[in-house]
Protein chains: 2
Amino acid sequence: MVQTPTEDTAALPKVPTPTLERLTTYLRCLVDLGASGVRTISSAQIEEHAGVSAAQFRKDLSYFGEFGKPGVGYQVGELENRIARILQLHKLQPILLVGAGNLGSALASYPGLEEHKFHIVALFDTDPEKIGKRVLGMDIIEFSRLGEINEVLQARIAILAVPASAAQAAADSAIQSGVRALLNFAPTPLKVPAGVVVRHVSFLQELAVLSYHLTETEKRGQ
Amino acid sequence: MVQTPTEDTAALPKVPTPTLERLTTYLRCLVDLGASGVRTISSAQIEEHAGVSAAQFRKDLSYFGEFGKPGVGYQVGELENRIARILQLHKLQPILLVGAGNLGSALASYPGLEEHKFHIVALFDTDPEKIGKRVLGMDIIEFSRLGEINEVLQARIAILAVPASAAQAAADSAIQSGVRALLNFAPTPLKVPAGVVVRHVSFLQELAVLSYHLTETEKRGQ
DNA sequence: TAGATTGTTAATCGATTAACAATC
DNA sequence: TAGATTGTTAATCGATTAACAATC
C-alpha cells in the first residue's frame with residue numbers, strides 16, 4: 001500500500017450515491033424517534049422504522065466512521081448531529097432559484113427548507129412581467145443580473161426551475177457566478193464542466209416509469 | 001430450459017429501473033431530432049445527443065426487442081413510437097392528484113403533462129378553505145370523497161403532494177380506490193401492499209446530496 | 001460473565017461497459 | 001462486395017446482503 005507521492009490525500013473510499021440518499025432517510029427517522037423520546041436505537045430498529053435493512057444501515061455509516069457501541073446501539077441525538085454534519089445540514093446553505101413560475105414559486109415556499117438550513121437567497125426570472133414582483137418577501141430579479149448578484153451572495157447551489165429551452169443558459173450563468181451544484185427540474189440534460197455536480201429531478205420521467213410498471217403488474221395479475 | 005408447469009408466462013428478463021428512466025431521455029432526444037428533420041440515427045448519435053453511451057442505449061433497447069438495422073441504424077419516428085408504447089405514453093393516463101397546496105397546484109399545471117398523455121382528472125385536499133376552489137378548470141374535491149370519485153374515474157396512478165403526516169392515509173385511500181402506482185412527493189416512506197409501485201421524489205434529499213458533494217469538491221479542489 | 005449488537009470482510013447480486021459475430 | 005452498425009454475449013465494475021469476529 002505505497003502511496004504515490006502525487007496523491008497527497010489518502011483517497012477515502014468513494015461514497016455511493018444511494019448511501020447519501022439514504023442518509024437523509026435515517027436523519028428523518030432519527031428526528032422522529034428523538035421527538036418521541038427514544039434515546040438509543042439499534043440498526044434493527046432503524047430497519048423497522050426506515051425500511052432499510054440493518055446491514056445496509058451499518059454499511060452506509062461505515063463510510064464515515066464509527067457511530068455506535070457494540071452490544072448497545074446508537075445514541076439518537078449524537079447520530080442525528082453527525083449525519084447532519086456529514087450532509088452539511090448543520091450550517092446555513094444559501095441557494096439561488098432560477099425560474100419563478102408555478103414550480104419555482106412552489107419550491108421557494110416548500111416547508112422544511114429552512115428546517116434543513118437551506119435558504120433561498122435570490123429568485124431570478126427572464127419574464128419582464130414578473131421582475132420586481134415578490135415571492136416570500138423576495139423580489140424577483142432579472143436573470144441577466146445573476147452574476148452580479150451572486151458576486152455578493154456567494155451561493156454555491158442553484159435550483160433550475162425553468163423550461164428546457166432555458167436550462168443550459170441558466171446553468172452556464174450560475175456556474176460562471178461560482179455555483180458548483182445544480183438541482184435541475186428542467187426536462188433536459190445539462191452539460192457542465194468537471195467539478196460541478198448536477199442532480200436531475202424529472203416529474204414526467206417518474207410518471208413514465210410508473211406508467212410502465214402499471215401494465216407490467218396488470219400482465220402479472222391477469 | 002424446461003418450464004415448470006406452474007409458471008405459465010415465460011418470465012421476461014426484468015427490466016432494470018435505470019433502463020426505464022433512460023427510455024424517457026431517449027424519447028425526448030428522438031422527438032427533438034425528429035423535429036429537426038433527422039430520419040435515421042445510430043446509437044453513436046444518441047450517445048452524442050442524450051449523453052448515454054451507445055452500448056448502454058443498445059443494451060437498454062435489447063430488453064424490449066429489436067429496433068434497428070445493422071449497418072443502418074434506427075428510424076427516428078418508428079423508434080419514438082415504440083418507446084412511447086413501451087412506457088404507455090401512447091394512450092391517455094388518468095391521474096389523481098392529492099394535495100392542492102403550492103406544490104400540487106404547480107404540478108397540475110406542469111407543461112408537458114398533456115403532451116405525454118398524462119391527464120390529471122381530479123384534485124383532492126382536506127382543507128375546507130380550498131374545497132370548491134378551482135385549479136386549471138377543476139374543482140378541488142374533499143379528500144374523503146376520493147374513493148367514491150375514483151369509482152367512476154378509474155384512475156390507476158395517483159400523485160401525493162401532501163405533508164408527510166398525511167401521506168400514508170392518502171396512499172391508503174388511493175390504493176383502496178384502485179390506484180396501483182403512486183408518485184410520492186411527501187418526505188416520508190410509504191407502506192404499500194405488493195403489486196403497488198411507489199416512486200419517491202424528495203426535494204430535500206436532492207439538496208442534501210448536492211450539499212454533501214459541495215464540501216467534497218472543495219476538499220479536492222483545496 | 002453472557003447476551004447483544006456493532007463494524008467489517010467476504011459472497012452475492014445486478015448493472016454497465018467492452019467486444020464481436022451477425023447482418024444490412 | 002466492403003463498410004457500418006446492430007443485438008448479444010462475456011468481462012468488469014459497483015452496490016447490496018450475509019456472516020462473523022470484535023467488543024461493549
Side-chain angles (χ1 to χ4, degrees), chain A residues 1 10-26 29-30 33 38-76 78-80 82-83 86 189 209 212-213, chain B residues 1 10-26 29-30 33 38-76 78-80 82-83 86 189 209 212-213:
Chain A
M1 285 291 164
L12 324 175
K14 204 188 145 291
V15 181
T17 302
T19 291
L20 292 173
E21 294 175 354
R22 282 188 298 265
L23 287 185
T24 63
T25 306
Y26 304 146
C29 182
L30 291 166
L33 286 167
V38 179
R39 293 308 182 80
T40 307
I41 46 141
S42 65
S43 57
Q45 287 172 280
I46 288 279
E47 171 160 353
E48 204 178 310
H49 285 268
V52 176
S53 81
Q56 181 77 80
F57 171 72
R58 295 201 304 275
K59 179 72 176 172
D60 284 343
L61 289 187
S62 76
Y63 290 103
F64 306 100
E66 305 194 350
F67 296 77
K69 273 200 181 43
V72 180
Y74 305 83
Q75 297 297 317
V76 172
E78 191 210 325
L79 186 54
E80 191 183 318
R82 290 183 64 188
I83 293 179
I86 290 165
V209 173
Y212 170 83
H213 280 298
Chain B
M1 285 291 164
L12 326 175
K14 204 188 145 292
V15 181
T17 302
T19 292
L20 293 173
E21 294 175 353
R22 282 187 297 265
L23 287 185
T24 63
T25 306
Y26 304 146
C29 183
L30 291 165
L33 286 167
V38 179
R39 292 310 181 78
T40 306
I41 46 141
S42 65
S43 55
Q45 288 172 280
I46 288 279
E47 171 161 352
E48 205 179 308
H49 285 268
V52 177
S53 81
Q56 181 78 80
F57 171 73
R58 296 201 304 276
K59 178 73 175 170
D60 283 343
L61 289 186
S62 76
Y63 291 104
F64 307 100
E66 305 193 351
F67 295 79
K69 273 199 182 42
V72 180
Y74 305 83
Q75 296 298 316
V76 172
E78 192 211 323
L79 186 53
E80 189 183 321
R82 289 183 65 189
I83 293 178
I86 290 165
V209 173
Y212 170 82
H213 280 297

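Letters go in sequence order (proteins before strands), and every chain restarts at 1. Predicted model only: the values in this text are computed from it and were never measured.
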Worksheet item: Can you tell which of B:Thr25, B:Ile41, B:Leu61 makes a side chain to side chain contact (heavy atoms under 4.5 Å, CB included) with B:Ile46?
Response: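 Testing B:Ile46 for a side chain to side chain contact (heavy atoms under 4.5 Å, CB included) against B:Thr25, B:Ile41, B:Leu61 leaves exactly one candidate, B:Ile41.
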Worksheet entry | Nucleotide opposite C:dC13 in a Watson-Crick or G-U pair, distances under 3.5 Å |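 Here C:dC13 is engaged in a pair, and the nucleotide opposite it is D:dG14.
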Worksheet entry | Watson-Crick or G-U wobble partner of C:dT5, both distances under 3.5 Å |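 Check on C:dT5: paired to D:dA22, both distances under 3.5 Å.
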Write down the distance between [atom1] ([X]) and [atom2] ([N]), rounded to a whole number of angstrom.
X	N	atom1	atom2	result
A:Ile46	C:dG7	CD1	C1'	16 Å
B:Gln56	C:dG14	CD	C1'	13 Å
B:Phe64	D:dT8	CZ	C1'	16 Å
B:Lys69	D:dG3	NZ	C1'	18 Å
B:Leu23	C:dA15	CG	P	14 Å
B:Asp60	C:dA18	CG	C1'	15 Å
A:Arg58	C:dA10	CZ	P	16 Å
B:Leu61	D:dT5	CG	P	16 Å

Worksheet item: When you match A:Gly71 and A:Gly65 each to their closest nucleotide on DNA chain C, which lands nearer the 5' end?
Response: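 Taking each residue's closest nucleotide, the earlier one in sequence belongs to A:Gly71.
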For [X] versus [Y], what's the shortest heavy-atom pair and its separation?
X	Y	result
A:His49	A:Cys29	CB-SG, 3.4 Å
B:Ala44	B:Ala54	N-CB, 4.0 Å
A:Val76	A:Leu30	CG1-O, 3.5 Å

Worksheet item: Under the 6.0 Å and 45° cation-pi test, does A:Arg82 pair with A:Phe67?
Response: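 Because its charged atom sits under 6.0 Å from the ring centre and within 45° of the axis, A:Arg82 does stack over A:Phe67.
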Which nucleotide in the list [options] gets nearest to the side chain of [X]?
X	options	value
B:Pro18	C:dT16, D:dA19, D:dT16	C:dT16
A:Pro16	C:dT8, C:dT17, D:dA15	D:dA15
B:Ser53	C:dT6, C:dT17, D:dT6	C:dT17
B:Lys59	D:dT16, D:dC20, C:dT17	C:dT17
A:Pro70	C:dT5, D:dA15, C:dG7	C:dT5

Worksheet entry | Along DNA chain D (nearest heavy atom to each residue), the more 5'-positioned of B:Val72 and A:Arg22 |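 Of the two residues, B:Val72 wins.
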Side-chain N or O of [X] closer than 4.0 Å to phosphate OP1/OP2 of [N]:
X	N	result
A:Ser43	C:dT6	yes
B:Tyr63	C:dT16	no
A:Tyr74	C:dA4	no

